[in-house]
Colleague: 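The structure follows.
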Amino acid sequence: MSIVITFLILLLTAITLIILRLASPSFRYSWLFAVGGTFLAWISVFIWQVQLPITLQVTLWQPAILFSQSPTFIADGVAWAFVLSLVTLCLAILITAVVRSRFPNSGSWIGTLVLTSLGVLAVVADNPLTLVLIWAAIDLVELAAQVWFVQDTRLSERVVIAFASRTAGILILLWADVIGSSSGQPLDFRAASPQAGLYLILAAGLRLGVLPLHLPYPGELALRRGFGTALRMVSAASSLILLARIPPGSVGPLFTSILLMLVSLAGVYGGWMWLRAPDDLTGRPYWLIGMGALAIAATLRSNPVGAAAWGCALILSGSALFLFSEPNKWLTRALFIAVFSISTLPFSVSALGWVNGGTGFWLAFPFLLLAHAMLMAGFIRHVQRSTTRTPNEDKPIWGKNVFPIGIAMLLLTMLILGSYGWDGAMRSGNWFLGILVSILTIGLIWLSPRLRILNPVRAHWVKPESASWFEWGYRALWSLYRQMGALANSFLGMLEGESGIMWTLLFLVLFITIFTQGVR
């Protein structure tokens, strides 16, 4: 029942804001209502601890011969950590909205609340059918929101790319369900076959929200920091929970070694681009790539709790940085709590990130270690970069005083998850590797002003001036898709024109000839 209560509080808050927006556009207390409802949802998450683990099954779908599974939800310690991270993120976005340029903006608050409510359901999904349904709902909300905000046709292509990549993840998860059920036993996240485990990892990778690299917001900094952060992080959380659900040993040894090397290279790429990003928002997709790669590597090393630890650190630490837009020396110092949270040092959120539960790890070890160090060094660099902070002198004094509370909520949640409530709390982990990565991070920070190659690249406000190979890769694929579409349209136009009957008869004769020769 606790799952339903948290979900309903968030959803009813969003519905109430919609009613107020339509019935009374001049209502002055929408922000207070949104923050109050989200805070109640945040408190309700702690009530889960009294009943964990919690299981909730929807009425069995009939007929059973068609539906071997029904929507089922389970809240354990790992799911609780993700839910707390998501609800805290939603609360922080709403609190820090007081200094955004478009305040009040109930439209973006409604979208954030709806996405968070669906994200809560996604991280407690217990089988592929449930997760697919919620993924589809999240995709529809994201698609509607991006179509609403984007007016430029050129930028709308990115909306299509994002929707296509997430749909591909849904299809792969459905295929994993088919393969897992081929043995006669319905697939769930507690017993996945080796064949299905590989597809589960691929589905999670596609759903991380990396494509497109930059969200299609034409110059709206307030949207990128607020609603844009919600889009990125909810998509990431709903995917990373799948990594934490894959049972150890679900991927064969050969595929494990190959995937570990590929993932480690992706982690190095993400860490390198994050380290050299000109600002935190431009580097945000590379943060997802780098931290996501570390989470996938933990899953491949039979460490699902470690994957959840990386996921929570990704959401909480990244969100604290992306929402930090006001120059404040005390907050700048406090954000080193977020650096500690991603360090894998004892009693941090990510303490179990380097615990090795399987084989095939040492081959990719140097690359993963380097990726982690670059992610930490880049995070420290972005925290200390004051040029990306814009003082809001025109904002009321109460707004400036309230803003730090949103960042503080994220930092507080990092400390809570490091010490309480789930399987990764109060763990020392692999402290030796945590210290080693910290030393490498200090070395990169020391070398940054001395080596030009480590300095940030020049960039446009939205995307790097010299696009990376990753960016060029999906641009080339998208260009090929458009060329094929133009060719298909030309072909259809030719058939539908005046000579369409002639071409139809010609193709009919060719088909008859081919079939006749086949019979002979």
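Quick note: residue numbers are just sequence positions, from 1.
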Colleague: With a sphere of 6.0 Å drawn around CZ of Phe367, does it hold more than 12 non-hydrogen atoms of other residues, nucleotides or ligands?
Modeller: no
Colleague: Anything under 30° is parallel, anything over 60° is perpendicular, the rest tilted; go ahead and classify Trp287 against Phe322.
Modeller: perpendicular
Colleague: What are the two closest heavy atoms between Leu113 and Cys90, and how far apart are they?
Modeller: CD2-SG, 3.7 Å
Colleague: Which heavy atom of Leu17 sits nearest to which heavy atom of Trp109, and what is that distance?
Modeller: CD1-CB, 4.3 Å
Colleague: Does the ring centre of Trp272 sit less than 6.0 Å away from the ring centre of Tyr286?
Modeller: no
Colleague: Please evaluate residues Met291 and Ile342 with respect to the criterion side-chain contact (heavy atoms from CB on, under 4.5 Å), reporting the C-alpha separation (whole Å), side-chain torsions for both, the decisive distance (0.1 Å), and the verdict.
Modeller: CA-CA 9 Å; Met291 293 292 286; Ile342 62 175; 4.1 Å; yes
Colleague: Going by the angle between their ring planes, with limits at 30° and 60°, are Trp42 and Phe46 parallel, tilted or perpendicular?
Modeller: perpendicular
Colleague: Decide yes or no for Ile241 and Val78: does some side-chain heavy atom of the first lie under 4.5 Å from some side-chain heavy atom of the second?
Modeller: yes
Colleague: If you compare all heavy atoms of Ala204 against all heavy atoms of Leu243, which two are closest, and at what distance to 0.1 Å?
Modeller: CB-CD2, 3.7 Å
Colleague: Does His382 reach the side chain of Leu281, with side-chain heavy atoms less than 4.5 Å apart?
Modeller: no
Colleague: May I have the step-by-step check of side-chain contact (heavy atoms from CB on, under 4.5 Å) for Ser343 and Met376, ending in yes or no?
Modeller: CA-CA 7 Å; Ser343 66; Met376 286 186 62; 3.7 Å; yes
Colleague: Roughly how far, to the nearest 0.5 Å, is CD1 of Ile18 from CD1 of Ile110?
Modeller: 4.5 Å
Colleague: Are there more than 12 heavy atoms of other residues, nucleotides or ligands under 6.0 Å from atom CZ of Phe39?
Modeller: no
Colleague: How close do Val114 and Ala14 get, heavy atom to heavy atom, and via which atoms?
Modeller: CG2-CB, 3.8 Å
Colleague: Output the distance between atom CD1 (Ile315) and atom CZ (Arg232), rounded to the nearest 0.5 Å.
Modeller: 14.0 Å
Colleague: Among all residues two or more places apart in sequence or in another chain, which pass the side-chain contact (heavy atoms from CB on, under 4.5 Å) test with Ala92?
Modeller: Leu323, Leu410
Colleague: For a 4.5 angstrom cut-off between non-hydrogen side-chain atoms, does Leu369 reach Phe365?
Modeller: yes
Colleague: Could you please spell out the steps behind the side-chain hydrogen bond (donor to acceptor under 3.5 Å, both in side chains) verdict for Thr344 and Trp310?
Modeller: CA-CA 9 Å; Thr344 67; Trp310 286 119; over 6 Å; no
Colleague: In terms of side-chain heavy atoms, does Ser239 have a donor or acceptor partner in Trp135 at a distance below 3.5 Å?
Modeller: no
Colleague: Could you check Leu321, Leu412, Ile95, Leu335 and say which one makes a side-chain contact (heavy atoms from CB on, under 4.5 Å) with Ile407?
Modeller: Leu335
Colleague: Which pair of heavy atoms, one from Leu411 and one from Ala320, lies closest together, and at what distance?
Modeller: CD2-CB, 4.4 Å
Colleague: Which pairs would a plain distance check flag for residues 414-425, meaning a side-chain donor or acceptor within less than 3.5 Å of a matching protein atom at least two apart in sequence or in another chain?
Modeller:
{"unit_1": "Ser419", "atom_1": "OG", "unit_2": "Leu415", "atom_2": "O", "d": "3.0"}
{"unit_1": "Ser419", "atom_1": "OG", "unit_2": "Ile416", "atom_2": "O", "d": "3.4"}
{"unit_1": "Trp422", "atom_1": "NE1", "unit_2": "Leu417", "atom_2": "O", "d": "2.8"}

Colleague: So, the side chain of Ser319 versus the backbone of Leu316: is there a donor-acceptor pair under 3.5 Å, distance only?
Modeller: no
Colleague: For residues 405-418, which residue pairs pass the side-chain hydrogen bond (donor to acceptor under 3.5 Å, both in side chains) check, not counting sequence neighbours?
Modeller: Thr88-Thr413
Colleague: Grab the two heavy atoms, one from Val349 and one from Cys312, that are nearest each other, plus how far apart they are.
Modeller: CG1-CB, 3.9 Å
Colleague: Look up atom CG in Leu200 and atom CD1 in Ile172, then write down how far apart they are to the nearest 0.5 Å.
Modeller: 10.5 Å
Colleague: Can you list the steps and then say if Val234 with Leu118 is a side-chain contact (heavy atoms from CB on, under 4.5 Å)?
Modeller: CA-CA 9 Å; Val234 172; Leu118 293 175; 6.0 Å; no
Colleague: How long is the span from the CE atom in Met261 to the CG atom in Leu300, to the nearest 0.5 Å?
Modeller: 12.5 Å
Colleague: Is any side-chain heavy atom of Val45 closer than 4.5 Å to a side-chain heavy atom of Trp80?
Modeller: yes
Colleague: Test Thr229 against Arg284 for side-chain hydrogen bond (donor to acceptor under 3.5 Å, both in side chains), laying out the working first.
Modeller: CA-CA 9 Å; Thr229 300; Arg284 180 162 57 190; 2.9 Å; yes
Colleague: Checking side-chain hydrogen bond (donor to acceptor under 3.5 Å, both in side chains) for the pair Ser341/Ser348: CA distance, chi angles, key distance, verdict?
Modeller: CA-CA 5 Å; Ser341 296; Ser348 64; over 6 Å; no
Colleague: Are the side chains of Phe82 and Leu240 in touch, meaning some heavy atoms are under 4.5 Å apart?
Modeller: yes
Colleague: Supply the atom-to-atom distance Arg245 CZ to Asp76 CG, rounded to the nearest 0.5 angstrom.
Modeller: 4.0 Å
Colleague: Please report the interatomic distance OG1(Thr130) to CD1(Ile74), rounded to the nearest 0.5 Å.
Modeller: 11.5 Å
Colleague: Side-chain contact test, heavy atoms from C-beta onward, threshold under 4.5 Å: evaluate it for Met233 versus Leu314 and give yes or no.
Modeller: yes
Colleague: Is Leu260 close to Val263 at the side-chain level, that is, under 4.5 Å between some pair of heavy atoms?
Modeller: no
Colleague: Could you walk me through whether Val123 and Leu86 satisfy the side-chain contact (heavy atoms from CB on, under 4.5 Å) test, starting with their C-alpha distance in whole Å, then the side-chain angles of each, then the deciding distance to 0.1 Å, before giving a yes or no?
Modeller: CA-CA 10 Å; Val123 298; Leu86 285 177; 4.2 Å; yes
Colleague: Taking the side chain as every heavy atom from C-beta outward, state whether Pro304 and Ile246 have any pair of such atoms under 4.5 Å apart.
Modeller: no
Colleague: Assign the ring pair Trp354 / His372 to parallel, tilted or perpendicular, where the plane angle (0 to 90°) is split at 30° and 60°.
Modeller: tilted
